[in-house]
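Everything below concerns the one structure shown next.
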Amino acid sequence: MPINFDSALGIHADALRVRSQRAELLATNLANADTPNYKARDIDFQSALKMAASGQTSPSLNTTHQKHIAGSGGSSFDSQLQYRQTMQDSLDGNTVDEQVEQSQFMQNAVQYQASLEFLGSRFQSLTKAIRGE
């Protein structure tokens with residue numbers, strides 16, 4: 001009987017992928033903390049996870065003519081990107097609050113680690129089941 005990894009691992013593989021994308025985005029926000037007019041962005045994790053679990057990708061562009069080139073959205077979670085609301089306006093138009101970004105980054109890192117540990121335990125369970133232990 002073949003093992004279906006999607007059903008065996010559950011949603012945690014998708015959560016790991018979304019958390020990784022979110023870590024990159026939060027790191028980009030932190031790197032641009034001093035860039036004038038930079039707007040901090042974040043991923044709506046719940047809707048991105050639902051989209052990843054259902055196997056959807058970002059909505060594709062509609063073409064109105066058969067010779068139009070089909071567009072490819074860069075990230076699979078581009079439709080889930082949102083701009084972060086500012087706590088306090090800055091003179092240069094930058095909306096990055098370093099303390100908020102650092103706390104979000106650390107919270108995301110802890111949740112990423114939890115998903116990794118859960119997946120590790122699932123693989124251990126599958127290995128034991130295959131060995132008949």
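These numbers were taken from a predicted model, which means no experiment stands behind them.
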cation_pi(Arg19, Phe45) dist<6.0 Å, angle<=45:
yes

Do Phe123 and Tyr112 belong to the same hydrophobic cluster, where Ile, Leu, Val, Met, Phe, Trp and Tyr are linked whenever their side-chain heavy atoms lie under 4.5 Å apart, directly or via other members?
yes

Using only atom types and a distance under 3.5 Å, with no angle test, would you say the side chain of Ser115 pairs donor to acceptor with the backbone of Ala15?
no

Is the CG atom of Asp34 crowded by more than 12 outside heavy atoms at less than 6.0 Å?
no

Euclidean distance, Gln102 CD relative to Asp97 CG, rounded to 0.5 Å:
9.5 Å

Do the side chain of Ser20 and the main chain of Arg17 share a donor and acceptor less than 3.5 angstrom apart?
no

Please check if the side chain of Asp42 supplies one atom and the backbone of Leu26 the other of a donor-acceptor pair under 3.5 Å.
no

Could you verify whether a donor N or O on one side chain and an acceptor N or O on the other, from Arg84 and Gln104, lie under 3.5 Å apart?
no

Transitive ILVMFWY cluster of Phe118, excluding itself - 4.5 Å side-chain cut-off
none

Counting only heavy atoms from other residues, nucleotides and ligands, does the tally under 6.0 Å from CD of Gln85 exceed 12?
no

Does the side chain of Val96 reach to within under 4.5 Å of the side chain of Thr35, using non-hydrogen atoms?
no

Let me confirm one number: the NZ-CD1 distance from Lys50 to Ile11, rounded to the nearest 0.5 Å.
9.5 Å

Spacing of Leu30 atom CG and Phe105 atom CZ [to the nearest 0.5 Å]
7.5 Å

In this structure, CD of Gln99 is separated from CE of Met87 (nearest 0.5 Å) by 10.5 Å

Determine whether a donor-acceptor pair (N or O, by modelled atom type, separation under 3.5 Å) exists between the side chain of Asn32 and the backbone of Asn37.
no

For Asn29 and Tyr38, which I'm curious about, is there any donor-acceptor pair between the side chains at under 3.5 Å?
yes

Quick one: OG on Ser125 to CZ on Arg122, what's the gap to the nearest 0.5 Å?
6.0 Å

Are Met106 and Val110 close enough that some pair of their side-chain heavy atoms sits under 4.5 Å apart?
no

Working to the nearest 0.5 Å, report the span between OG of Ser103 and CG of Asn108.
11.0 Å

